[in-house]
There are 4 protein chains.
Amino acid sequence: MSGIHGDKYEAILDAAYTVFGAKGFYESKISEIAEDAGVAKGTVYLYFKSKEQLFTAVTRRDCEQYLAEMQGALVQHNLAEGLLRMANLHLHYYYKRKQHTQLFFMTPNNNPDLIEFMRGFIRDYTDMVTNKLASEGVQQPEFHAKAFIGMLERMKMDILWNQDFHECDVDQTAEWAAHLFMHGCKARVQ
Amino acid sequence: MSGIHGDKYEAILDAAYTVFGAKGFYESKISEIAEDAGVAKGTVYLYFKSKEQLFTAVTRRDCEQYLAEMQGALVQHNLAEGLLRMANLHLHYYYKRKQHTQLFFMTPNNNPDLIEFMRGFIRDYTDMVTNKLASEGVQQPEFHAKAFIGMLERMKMDILWNQDFHECDVDQTAEWAAHLFMHGCKARVQ
Amino acid sequence: MSGIHGDKYEAILDAAYTVFGAKGFYESKISEIAEDAGVAKGTVYLYFKSKEQLFTAVTRRDCEQYLAEMQGALVQHNLAEGLLRMANLHLHYYYKRKQHTQLFFMTPNNNPDLIEFMRGFIRDYTDMVTNKLASEGVQQPEFHAKAFIGMLERMKMDILWNQDFHECDVDQTAEWAAHLFMHGCKARVQ
Amino acid sequence: MSGIHGDKYEAILDAAYTVFGAKGFYESKISEIAEDAGVAKGTVYLYFKSKEQLFTAVTRRDCEQYLAEMQGALVQHNLAEGLLRMANLHLHYYYKRKQHTQLFFMTPNNNPDLIEFMRGFIRDYTDMVTNKLASEGVQQPEFHAKAFIGMLERMKMDILWNQDFHECDVDQTAEWAAHLFMHGCKARVQ
DNA sequence: AATGAATGAGGTTTCATTCAT
DNA sequence: GATGAATGAAACCTCATTCAT
């Protein structure tokens, strides 16, 4: 036993992360997840009530881990430094998850639990950035938080889709994003 | 016959737009689309080879219409004005499509045609903005184009999700977005 | 008008002969037959009440033509000569119809009309041979007629299936079959 | 578990044999086979990948059983005795299968696996008889094997179609067939 | 007579979930 | 706890046939 849930719980969650991440919710089969986890199909249902609940659990684990890492990036730095660290973390996080694209796109709809959780995650993330911006005196901090996260999300797409987006490009992109957010594009016009 | 395809073609496309937009690809049933269009199930297959092809056709129509409208927003204006118009168009477009959220999220995966089309659309949109920025002397125009579109996409989310996001808020948001992109957030710090 | 039915009737029958012959009843589509005949789908139903009736008509035409040709082979010849002519006709007939294999195998079942017709055809063919044998003094003429036809049917299979069965082989086979039927296999044993 | 496959496997195969045999491939429904086997529809697909594969499995089992029985009929007998035993076995085999006529006629086409298997079966059967004839000094043994089998196949038709063909008639027919094959029809002419 | 758009019944197949062992 | 055989609902899609033009 490695935790309160037991090894199988983790194995199933890991397998679900892999399979859902590769194929999305609807094209993933419980049988494949079970096989990948090295357990029987029925065992999945001992730990998770349904396919949807399993998906939600996978998402939850990923998002919580993300927020925990992000938390550290923002404290005890000035605005410029904080934004740069945040951008780097955001982009590198998804760079490492290139194989799990579908986790962020092909989610089950009609599932109130998941929808609520995802909105909660987005709200929490936004709040975290909003608070940082507010504490640094930025006006309309919530709008600015959303705008910065939006920029980074679009950069994330490039990372997930372009095979030739390498780790060094990630650093460069993060730097540009933070700079643009701080000074606007006019700064670069002659 | 109102066009080259006939009334039924349009009726099915409209119904598919409604149903796919409300439930996403996987949770939508051809039978429901057919009923909504006022035709028999088999009729859908006279006009579209498969459920996936129908979804692609719906997406294509929406995206092409979008690009056509966007085209007009960018020409013959200076940078500030062009960005503001673009932001307004982007956000108002999706404000009008609040009921069709799922069209943008729950798409079928494993469908090469659709994936290719969507990437083409995103590329075309990005190019359109990139060219505008380049012609106005902005450095790294592609990066800046993506960043601006990313900001707007995040604002779009708020519009789609928040019931209390009203049309007047859209204008305000567009203005802020364009301003932030031009001058950065520092401009608002004391 | 080339006959009492008109050109389209013949065109449909010819197309049906081709398509049914190539794919069998169940895998053939009325739409394909119509296209092959150069008429609209609905036109097929002006001349034939149903797909099954069309198949029956195709079969009937082919069988009647066959019996008519066979009739001539048996009259005014002695037994040996008559059997040889018959064997030749039987095998060459199907040699010419190599492309229409499925007409003889993939027939619709559950169709009383067709079943009755086919049995009638087999009975007529058998009677024709039986009468010849009886008139030449062969005992148990019906059994012998069936046996000879059976031999030839098996040879027909080889013709339909083997790509390297050439026209000259047909003659040889017919000769052997007639000889075997007349004298038995012992005649060839040392 | 009564065998390597389990009871359900056999039950489904038996039910498929019954239903396919009565109605042919195309007119048989998986749901009917499942009901006949006393299992749910989905269970059929646990054991057989598709309807076609199930049909092939049924055919294979029947043919293999047939060849095994036939093997015994031909060994350790002189030619006359061997042919008589073979004719009896051939005809009695199908006499017992009167209810499964459609298994031999209404097979799925366009199925390479099945076509290959059937040709293999016919080849194996022919070879078996050919070898026997060759070992007894009959010239052109392959031709003669095919001819004899052809005769018997035609007799099989009578058995399958005529309700008033009784078991005693089968013996008589086998005897006549073997005699005809050995001595020809001339032996019966005055 | 000829057309072909429209219909809709119906069958194969999948797969999440259950439960007896 | 663990298994995996069994279930059966549900949906896509086909295609013979009809009928208004």
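Reminder, nothing fancy here: chain letters follow the sequence lines and each chain counts from 1.
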If you check every side-chain atom of D/I30, which of E/dT13, E/dT18, F/dT18 has the closest atom? E/dT13

Check: C/Y47 and C/L54 side chains under 4.5 Å, non-hydrogen atoms: no

CD/A/E116 to OG1/A/T56 distance, rounded to the nearest 0.5 angstrom? 11.0 Å

If I take atom OH in residue B/Y45 and atom P in nucleotide F/dA11, what distance separates them, rounded to the nearest angstrom? 12 Å

To the nearest angstrom, the CD-P distance between C/Q53 and F/dT17 comes to 10 Å

Counting side-chain heavy atoms from C-beta on, which of F/dT7, E/dA2, E/dT17 comes nearest to A/K51? E/dT17

May I have the distance from C/K29 (atom NZ) to F/dT14 (atom P), rounded to whole angstrom? 10 Å

5′-ward residue of the pair B/S50/D/G38 relative to DNA chain F: D/G38

Below the 4.0 Å mark, does F/dT7 have OP1 or OP2 next to a side-chain nitrogen or oxygen of D/T43? yes

Provide the Watson-Crick or G-U wobble partner of E/dT18, both distances under 3.5 Å; none if there is no partner. F/dA5

Comparing nearest nucleotides in DNA chain F, the 5'-proximal residue of the pair D/G42, B/E52 is D/G42

Spacing of C/Y26 atom OH relative to F/dA16 atom P, expressed in whole Å: 12 Å

Without decimals, in angstroms, what is the distance between A/F55 CZ and E/dA16 P? 14 Å

Report the C-alpha separation of B/Y66 and B/Y94 in whole Å, then their side-chain angles, then the decisive distance to 0.1 Å, and conclude whether the ring-ring contact (aromatic ring centres under 6.0 Å, His included) test is met. CA-CA 10 Å; B/Y66 181 78; B/Y94 290 108; 5.8 Å; yes

Pairing partner of E/dG11 (Watson-Crick or G-U wobble, both distances under 3.5 Å): F/dC12

In whole Å, what is the span from the CG atom of C/L46 to the P atom of F/dT18? 12 Å

Could you state the CD1-C1' distance from A/I12 to F/dG1, rounded to the nearest angstrom? 12 Å

Are C/Y47 and E/dA2 close enough that a side-chain N or O sits under 4.0 Å from OP1 or OP2? yes

What nucleotide among F/dT7, E/dG8, F/dA2 has an atom nearest to a side-chain atom of D/A40? F/dT7

Whole-Å gap separating P (F/dC12) and CD1 (B/I33): 8 Å

Indicate yes or no: does C/D14 engage C/R61 in a salt bridge with an N to O separation below 4.0 Å. yes

Pick base, sugar-phosphate or nothing for B/V44, based on heavy-atom distances below 4.0 Å to the nucleic acid. nothing

Check whether any side-chain nitrogen or oxygen of A/K8 sits under 4.0 Å from OP1 or OP2 of F/dA2, and answer yes or no. yes

Please round to the nearest 0.5 Å and tell me the distance separating atom CZ of B/F117 and atom CG of B/D113. 11.0 Å

Less than 3.5 Å between a donor and an acceptor, one on the side chain of D/K41 and one on the base of E/dG11, is that the case here? no

